[in-house]
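Lettering follows sequence order; numbering is per chain, from 1.
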Number of protein chains: 2
Amino acid sequence: MSLPFDVLADPTRRRMLELLLERPRLVGEIAHDLELSQPRVSKHLRVLRDGGLVTVRAEAQRRWYQIRTEPLADLDAWLAPYRRLWTEHLDQLERHLETMPDTPEEQ
Amino acid sequence: MSLPFDVLADPTRRRMLELLLERPRLVGEIAHDLELSQPRVSKHLRVLRDGGLVTVRAEAQRRWYQIRTEPLADLDAWLAPYRRLWTEHLDQLERHLETMPDTPEEQ
DNA sequence: CTTCAATATACCTTAACAGTTATATGCCGT
DNA sequence: ACGGCATATAACTGTTAAGGTATATTGAAG
């Protein structure tokens with residue numbers, strides 16, 4: 001399970017994903033909507049594709065890009081153990097901190 | 001809400017966070033457990049700290065680093081709209097795809 | 001007050017990556 | 001067959017970031 005952190009680290013790619021969340025799109029559409037050059041979009045789509053976050057469907061010269069959820073589900077799974085820290089027992093962390101030696105804070 | 005993607009993009013930092021999930025740790029502990037040089041650990045901790053993912057508590061020359069959940073909760077929130085794609089109505093996407101023009105797949 | 005221990009940081013090198021411009025590829029219409 | 005459209009990729013450039021080594025800082029202990 002390779003996590004999509006690197007792929008999602010780029011804000012442009014996240015904006016593209018956000019568009020693709022609504023519906024599949026053409027390269028040109030994305031470039032237009034986000035005001036990006038076409039090669040730039042193609043390159044990012046390549047990265048998204050290599051990371052498994054999108055798939056392509058060819059229609060003549062057009063390419064329909066569509067979101068793929070698996071890596072996002074993996075990310076969700078990665079978050080699980082941390083999520084408990086701020087949901088279930090929020091005070092469990094607090095109690096833990098009280099266990100720590102009591103010394104002046106830095107910064 | 002600045003997302004912690006860049007910070008978490010580094011696998012070493014993710015391993016460090018994983019350690020800190022159990023309990024707060026000293027720099028030296030982390031370096032030892034993960035077999036990393038001390039400066040390397042300090043540098044990563046700096047990034048984690050700037051990203052709000054950890055806080056420090058000074059105890060003499062020791063520094064106790066402890067996890068901070070807010071950015072992770074932000075990440076969780078970011079995931080929310082996507083999460084629906086693979087939980088609630090998995091077939092909603094499928095239905096959407098059937099709406100698309102039917103052309104040969106690429107790769 | 002000197003020395004050692006724990007940590008932070010400066011400096012340097014290298015690698016990766018985003019962006020641009022130019023070009024290639026493939027398909028459609030005429 | 002030909003010109004144009006949609007997309008991909010190559011080549012190049014600039015920036016950023018990680019890692020290493022060396023050094024600075026601060027507190028403790030003797």
List, with names and distances, any nitrogen or oxygen atoms from the protein found under 3.5 Å away from nitrogen or oxygen atoms belonging to nucleotides 22-30 of chain D.
from, atom 1, to, atom 2, distance (Å)
D:dA28, O4', B:Gln61, NE2, 3.3

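- Taking side-chain N and O atoms only, A:Tyr65 has a distance below 4.0 Å to OP1 or OP2 of D:dA8.
- Between B:His44 and D:dG19 there is a side-chain N or O to OP1 or OP2 distance below 4.0 Å.
- Put simply, the side chain of A:Thr69 does not reach to within 4.5 Å of the side chain of B:Arg84, judged on heavy atoms.
- With contacts defined as side-chain heavy-atom distances shorter than 4.5 Å, the pair B:Arg68/A:Trp86 does not qualify.
- Counting to the nearest Å, the P atom of D:dT7 and the CD1 atom of A:Ile30 are 9 Å from each other.
- Counting heavy atoms from C-beta on, the side chains of A:Ile30 and A:His44 never come closer than 4.5 Å.
- B:Leu17 and B:Leu8 get closest at one heavy-atom pair: CD1-CD2, 3.7 Å.
- For the pair B:Asp50 CG and D:dT16 P, the computed distance is 16 Å after rounding to whole Å.
- Looking at A:Arg63, its side chain never comes within 3.5 Å of a backbone N or O of A:Val56 through a donor-acceptor pair.
- B:Val47 has its side chain out of reach of B:Asp6: every pair of non-hydrogen atoms, C-beta onward, lies at least 4.5 Å apart.
- The distance from atom CG of A:Leu48 to atom P of D:dA8 is 12 Å, rounded to the nearest whole Å.
- One interatomic measurement links the two molecules: CZ of B:Arg62 to P of C:dA8, which rounds to 13 Å at whole-angstrom precision.
- Residue A:Ser42 places none of its side-chain N or O atoms closer than 4.0 Å to OP1 or OP2 of D:dT7.
- Among the atoms of the strands shown, only primed sugar atoms or phosphate atoms (P, OP1, OP2) are found under 4.0 Å from some heavy atom of A:Leu26.
- A donor-acceptor pair is defined here as one N or O able to donate and one able to accept, closer than 3.5 Å; such a pair exists between the side chain of B:Ser37 and the backbone of B:Arg40.
- Taking atom CD of residue A:Glu59 and atom P of nucleotide C:dC28, one finds them 10 Å apart after rounding to whole Å.
- The side chain of A:Arg13 sits closest to C:dA18 out of D:dG19, C:dA8, C:dA18.
- What separates CZ of B:Arg40 from C1' of C:dT9 is a distance of 17 Å, to the nearest Å.
- Regarding B:Arg46, its CZ atom lies at a distance of 18 Å from the C1' atom of D:dG19, rounded to whole Å.
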